[in-house]
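One structure below.
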There are 2 protein chains.
Amino acid sequence: MFLLEHLDQTVKKMKGQIANILTLMNLGLGALSIIFVLQNELRMGLLFITIAAVCDRLDGAAARRFQSTSEFGKQLDSLSDIVSFGVAPALLIHQAVLHEFGSVGAIFAIIFIICGAIRLARFNVMESHGFFVGLPITAAGCILTFSSLLVPFLEAYSFMFITMILALLMVSSFKVRKM
Amino acid sequence: MFLLEHLDQTVKKMKGQIANILTLMNLGLGALSIIFVLQNELRMGLLFITIAAVCDRLDGAAARRFQSTSEFGKQLDSLSDIVSFGVAPALLIHQAVLHEFGSVGAIFAIIFIICGAIRLARFNVMESHGFFVGLPITAAGCILTFSSLLVPFLEAYSFMFITMILALLMVSSFKVRKM
């Protein structure tokens, strides 16, 4: 009986931590994608940002499923998102194409990261009523990441335009219904 | 009179935003340092992480001076810190020396970022009583950044040790008095 109770407690604790473990996987994969971008392996960077997005989707689902939403988890989620969907995609698109524009290209990448941070900070202090205000950073980061596949087909300056539009959509005040 | 009142209101609003502007400067400088690291300009990376640390020091002072501490500012501060003192120093030391160890070096850099995020998330949900629990990420990030100056003088494996010790100190539970 004692063993069973102990096992039950352990399983409960583990369930409570599943969402946070998925969040840390999201962060680890985002950091790994940046290291691949650093070595100019952009396809690997794209792959790991994509898997990070899957983990991000799952952590929210796990937190709701196991009723383990916590303030700590929420904070960790934002910190992971700025790395995986702010810094990583901005560096990927910088290495893929924006670097051709020198300092101007770097400024566009930095603006994307700054707008992502403003979006996340605003989201954390706002009450949620079934909708997001502004484009979520996960969506903006994934679109920017996948836009790098279009580099051979579009003019280089189009990517400055795409980066800026996504950055502005994150800090804009339009509403998106939560899915 | 109307003009003076209007001016007074504007000055008050600006004062309220000074801390957030300094925080965004911290973030922008951290992102810039990462772009320099990406181009293997490690000395420039070190310089911009250092200026980011100065901005980080000033934003807290400005928020207290102008009594403009806000939940939004606190969130923005953490998001900036994970970029400037988590991701940027980890990538800098990776490019300076840890890359020699291949995947193992990458794992050490990623662990530093993950421990930094845990430290920041924990700090945001804990009550502050005049001390920090664990080494603050700003200190850990700056020490790791400056340790890169020792690369010509120390064995390469020492930097795996330094990275891991700093990561563990961030998530440890010892107390540091606030300055």
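Chain naming here is simple, since letters A, B, ... match the order of the sequence lines and numbering starts at 1 in each. Values in this document were obtained by computation on a predicted structure and should not be read as measured data.
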>> Does any backbone or side-chain atom of B:I82 lie under 4.5 Å from a heavy atom of chain A? Answer side chain, backbone, both or neither.
In response: side chain
> When rounded to the nearest 0.5 angstrom, what is the spacing between CG in B:N124 and CG in A:L79?
Replying inline: 7.0 Å
> With a 4.5 angstrom heavy-atom cut-off, which part of A:L38 approaches chain B: side chain, backbone, both or neither?
Replying inline: both
> Hey, what do you get for CG (B:L98) to CD1 (A:I35), rounding to the nearest 0.5 Å?
Replying inline: 9.0 Å
> So which part of A:I111 gets closer than 4.5 Å to some heavy atom of chain B, the side chain, the backbone, both or neither?
Replying inline: neither
>> Working to the nearest 0.5 angstrom, can you tell me the gap between A:I118 CD1 and B:F72 CZ?
In response: 6.0 Å
> Can you name the nearest heavy-atom pair linking B:A31 to A:I110, along with the distance?
Replying inline: CB-CG1, 3.9 Å
> So how far is it from A:C115 SG to B:L24 CG, rounded to the nearest 0.5 Å?
Replying inline: 9.0 Å
> Between A:A109 and chain B, which part of the residue has a heavy atom less than 4.5 Å away: side chain, backbone, both or neither?
Replying inline: side chain
> Could you give the distance from CE (A:M25) to CD1 (B:I114), rounded to the nearest 0.5 Å?
Replying inline: 10.0 Å
> For the residue pair B:A117 and A:L27, what are the closest heavy atoms and their distance?
Replying inline: CB-CD2, 3.5 Å
>> I need the B:L91 CG to A:L91 CG distance, nearest 0.5 Å.
In response: 7.5 Å
